[in-house]
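This structure is a prediction, so every number in the text was calculated from the model and none was measured.
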Amino acid sequence: GPGLFAFLLATIFSLVALIIFAMSFSKKLFTFNREYEDMDADEYEEQRPILRWSALGLIAYAIAFFLLACGNSTDAAPQPIYFWGVAGAMVAQLVIGFYLWKRYDELWRQVTKEAAAISFTIGEAVLFIWAAAAIFGLGVPFDPLAVIVFITVTYGLVAIYLTVRSGMTK
């Protein structure tokens, strides 16, 4: 169910965060992407904090998804502790997101705006239909964790597509 997908997202976000964090310590690893191979030391130094804060933002998401998966899977879970862990992780991610937004270049901001708009449009339509199916008794459960997983996966896939389309991965 959605708990398994939440755990999978927590694992993926943790692994990607580790890679991004490692890239902040190695220009060679960071410039593996050919777009950055001619980057000078000063430009790389400008990117290091962005990489590290991005990794921390992913870790915040990973913590939230892990706690949601754990709290969703057992009745014996310390629910208030899990709740405050999720709330703290999401507040941290929000603060990190605002910090990063101020440091993004124009292309990153444009990709982020497009990803948000497209994923919202897709999500709105799917969630309306999903809610209608649940409300009108068609046997479709409307689980809050499934909604969060759906929204996150939709945004992630759209953002990856737009990043590749923009040429930032060449």
Partners of Arg109 by side-chain hydrogen bond (donor to acceptor under 3.5 Å, both in side chains), sequence neighbours excluded? none

Looking at every non-hydrogen atom in both residues, tell me the closest pair between Leu145 and Ala6 and how far apart they are. CD1-CB, 4.0 Å

Group every Ile, Leu, Val, Met, Phe, Trp and Tyr by side-chain heavy-atom contacts under 4.5 Å, then state whether Val91 and Tyr82 land in the same group. no

Taking atom types as modelled, find out whether Glu114 and Gln110 have a side-chain donor-acceptor pair closer than 3.5 angstrom. yes

Going by the rule side-chain hydrogen bond (donor to acceptor under 3.5 Å, both in side chains), which residues pair with Tyr161 if we only count those two or more places apart in sequence or in a different chain? none

So for atom CD, which belongs to Glu124, do other residues, nucleotides or ligands contribute more than 12 heavy atoms lying within a distance under 6.0 Å? yes

Starting at CD of Gln93, measure out to CZ of Phe98 and round the result to the nearest 0.5 Å. 9.5 Å

d(Leu56 CG, Leu51 CG) to nearest 0.5 Å is 11.0 Å

Side-chain polar contacts of residues 7-22 - donor-acceptor pairs under 3.5 angstrom, sequence neighbours left out - could you list them?
unit_1: Thr11; atom_1: OG1; unit_2: Phe7; atom_2: O; d: 3.0
unit_1: Ser14; atom_1: OG; unit_2: Ala10; atom_2: O; d: 2.8

Out of curiosity, Thr152 OG1 to Leu157 CG, how far, rounded to the nearest 0.5 Å? 10.5 Å

With heavy-atom distances below 4.5 Å as the criterion, would you say the side chains of Thr163 and Trp108 are in contact? yes

Is Trp84 reachable from Phe66 through a run of hydrophobic residues whose side-chain heavy atoms are each under 4.5 Å from the next? no

In terms of hydrophobic clusters joined by side-chain contacts under 4.5 Å, are Tyr104 and Leu162 together? yes

Residues forming a side-chain contact (heavy atoms from CB on, under 4.5 Å) with Ile151, sequence neighbours excluded: Leu127, Val147

Contact summary for Ala134 and Val140, nearest pair of heavy atoms: CB-O, 3.1 Å

Looking only at atom types and distance, does a side-chain atom of Trp130 sit under 3.5 Å from a main-chain N or O of Pro141, one as donor and one as acceptor? yes

On a heavy-atom basis, the closest approach of Gly71 and Gln79 is O-NE2, 3.5 Å

For Gly123 against Phe150, the heavy-atom pair lying closest together: CA-CE2, 3.7 Å

Any chain of hydrophobic side-chain contacts (each under 4.5 Å) joining Leu107 to Ile118? yes

Report yes or no: do Leu94 and Tyr61 belong to one cluster of Ile/Leu/Val/Met/Phe/Trp/Tyr joined by side chain heavy-atom distances under 4.5 Å? no

Shortest non-hydrogen separation from Met90 to Ala64 and the atoms involved: SD-CB, 3.7 Å

Suppose we screen for ring pair (Phe, Tyr, Trp, His ring centres under 6.0 Å). Which residues come up paired with Phe120, at least two apart in sequence or across chains? none

All side-chain hydrogen bond (donor to acceptor under 3.5 Å, both in side chains) counterparts of Glu46, not counting sequence neighbours: none

Distance-minimising heavy-atom pair for Ser119 and Tyr155: OG-CD1, 3.3 Å

